[in-house]
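These notes concern the structure reproduced below.
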There are 2 protein chains.
Amino acid sequence: MDHKDAIAATMTALADPTRRDIIDRLRGGPLPVGAIAKTMPVSRPAVSQHLRVLSDAGLLSVTPSGNRRLYAIAPDGVDALRQYLDGLWDDALAAFARATQDQAKGKQDE
Amino acid sequence: MDHKDAIAATMTALADPTRRDIIDRLRGGPLPVGAIAKTMPVSRPAVSQHLRVLSDAGLLSVTPSGNRRLYAIAPDGVDALRQYLDGLWDDALAAFARATQDQAKGKQDE
DNA sequence: ACAAATGGTAAGCGATGACTTACGGTAAGT
DNA sequence: ACTTACCGTAAGTCATCGCTTACCATTTGT
């Protein structure tokens with residue numbers, strides 16, 4: 001399933017703390033690579049590699065502007081993860097309700 | 001911030017594909033370790049270690065039942081990630097709207 | 001045309017992590 | 001009491017990943 005691969009890529013992309021830091025830098029709007037790296041404890045190539053991972057995961061969009069490349073958060077990529085978690089949330093609540101209901105009826109698992 | 005650490009733990013826990021598989025097995029309701037491991041390509045200790053990570057992240061709850069231990073999805077842990085993504089979603093949309101608006105006004109970045 | 005700036009990529013290194021086998025410990029069956 | 005079932009933990013191995021330094025391409029400024 002192509003959709004599950006997208007979820008996997010998005011999840012692993014967001015798992016790294018440095019990449020979440022980059023995402024936080026972009027919350028205010030698009031930024032070029034140098035501006036991001038200047039406020040971070042890692043080198044610029046490291047930031048570049050992280051931006052690649054985030055872009056491949058669909059979390060960032062890139063718009064070349066002359067000499068620089070502006071990176072911005074892509075709402076669609078974030079939404080994919082949101083839908084996954086919403087589904088997980090629904091199932092968790094349903095299972096929880098069913099478990100407590102079964103417990104009230106005195107049924108143990110079989 | 002303790003809250004950000006919780007997000008980090010939850011995110012790294014969900015980043016592993018095997019752990020997401022385990023989560024999927026638990027969507028229907030609580031299961032003991034052996035039942036999970038029997039339907040998975042990895043060994044039972046591996047599953048046990050993954051369950052530990054998921055529990056520490058607050059994504060699973062454990063209820064010892066006699067000889068076995070029943071693992072279930074914890075809605076609260078899922079909700080923490082949902083809130084994080086909702087905030088990211090809001091900021092992304094706001095930044096996107098502002099960027100297009102600035103572009104309409106002809107302002108380039110400074 | 002030359003120099004400076006911006007940024008992606010390759011190679012190599014160190015650390016983290018996922019898995020296995022082996023072991024111990026507790027609860028249930030006979 | 002003994003055996004079996006269920007499960008967590010320790011030790012060790014192998015792959016993956018994040019980082020750095022070097023290098024190269026492209027674009028802007030003079």
Side-chain angles (χ1 to χ4, degrees), chain A residues 5 7-26 29-74 108-110, chain B residues 4-5 7-26 29-72 74 108-110:
Chain A
D5 284 353
I7 292 294
T10 309
M11 203 74 86
T12 58
L14 243 41
D16 185 74
T18 305
R19 283 196 284 265
R20 282 198 304 274
D21 272 12
I22 293 178
I23 291 282
D24 285 341
R25 302 290 204 290
L26 294 175
L31 285 178
V33 180
I36 303 175
K38 203 172 304 180
T39 65
M40 295 196 51
V42 296
S43 70
R44 183 193 53 76
V47 173
S48 219
Q49 291 166 6
H50 284 308
L51 289 171
R52 177 111 155 81
V53 174
L54 289 166
S55 297
D56 288 350
L59 283 169
L60 296 183
S61 65
V62 200
T63 58
S65 172
N67 203 10
R68 306 169 308 178
R69 296 164 64 94
L70 292 182
Y71 286 88
I73 303 179
Q108 295 296 67
D109 68 296
E110 53 87 24
Chain B
K4 293 200 68 173
D5 284 353
I7 293 293
T10 309
M11 203 72 86
T12 59
L14 244 40
D16 185 76
T18 303
R19 284 197 284 265
R20 282 198 303 275
D21 273 12
I22 292 179
I23 291 283
D24 285 342
R25 302 290 204 290
L26 295 175
L31 284 178
V33 181
I36 303 174
K38 203 172 303 178
T39 65
M40 295 197 51
V42 295
S43 71
R44 183 193 52 76
V47 172
S48 218
Q49 291 166 6
H50 284 308
L51 289 172
R52 177 112 156 81
V53 174
L54 289 166
S55 297
D56 288 351
L59 283 169
L60 261 47
S61 66
V62 200
T63 60
S65 171
N67 203 9
R68 306 169 308 177
R69 297 165 62 95
L70 291 184
Y71 287 87
Q108 294 296 65
D109 68 292
E110 53 90 23

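Order of the sequence lines fixes the chain letters, A, B, ..., with proteins taken first and strands second; residue numbering starts at 1 for each chain.
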- A:Ile73 and A:Leu60: CA distance, side-chain angles, deciding distance, side chain to side chain contact (heavy atoms under 4.5 Å, CB included) verdict: CA-CA 5 Å; A:Ile73 303 179; A:Leu60 296 183; 4.3 Å; yes
CG (A:Asp16) and NE2 (A:His50) are apart, to the nearest 0.5 Å, by 5.0 Å
dist B:Arg69:CZ -> B:Leu31:CG (nearest 0.5 Å) comes out at 14.5 Å
DNA chain C in dot-bracket form (Watson-Crick or G-U pairs under 3.5 Å, [ ] crossing, | inter-strand) is ||.|||||||||||||||||||||||||||
Walking DNA chain C from its 5' end, the first of B:Gly66 and B:Arg19 to be reached, judged by nearest nucleotide, is B:Arg19
Going through the checks in order, is the side chain to side chain contact (heavy atoms under 4.5 Å, CB included) test met by B:Val53 and B:Leu59?
CA-CA 9 Å; B:Val53 174; B:Leu59 283 169; over 6 Å; no
Taken to the nearest 0.5 Å, the spacing of A:Ile22 CD1 from A:Met40 CE works out to 4.5 Å
- Measure from the side-chain N and O atoms of A:Arg25 to the backbone N and O of A:Thr39, and report whether any donor-acceptor pair falls under 3.5 Å. yes
When rounded to the nearest 0.5 Å, the distance separating OG1 of A:Thr10 from CG of A:Leu54 is 9.5 Å
The first and last nucleotides of DNA chain D lying within contact of chain A, meaning any atom under 4.0 Å from one of its heavy atoms, run from D:dG18 to D:dT28
Of all heavy-atom pairs linking A:Arg19 and A:Thr12, the shortest is NH2-O, 3.2 Å
Note: B:Ala8 and A:Arg20 closest approach over all heavy atoms is CB-NH2, 3.1 Å
Worksheet item: Would a distance-only check, ignoring hydrogens and angles, find a side-chain to backbone donor-acceptor pair under 3.5 Å from A:Ser48 to A:Arg44?
Response: no
Inset, instruction - Determine: side-chain N/O of B:Ser43 to OP1/OP2 of C:dT21, distance under 4.0 Å, yes or no. - result: no
List, with names and distances, any nitrogen or oxygen atoms from the protein found under 3.5 Å away from nitrogen or oxygen atoms belonging to nucleotides 7-13 of chain C.
residue : atom : partner : partner atom : Å
C:dG7   : OP1  : A:Val33 : N            : 3.2
C:dG7   : OP2  : A:Gly34 : N            : 2.7
C:dG7   : N7   : A:Arg44 : NH2          : 3.3
C:dG8   : OP1  : A:Arg69 : NE           : 2.5
C:dG8   : OP1  : A:Tyr71 : OH           : 3.0
C:dG8   : OP2  : A:Ser48 : OG           : 2.3
C:dG8   : N7   : A:Arg44 : NH1          : 3.1
C:dG8   : O6   : A:Arg44 : NH2          : 3.0

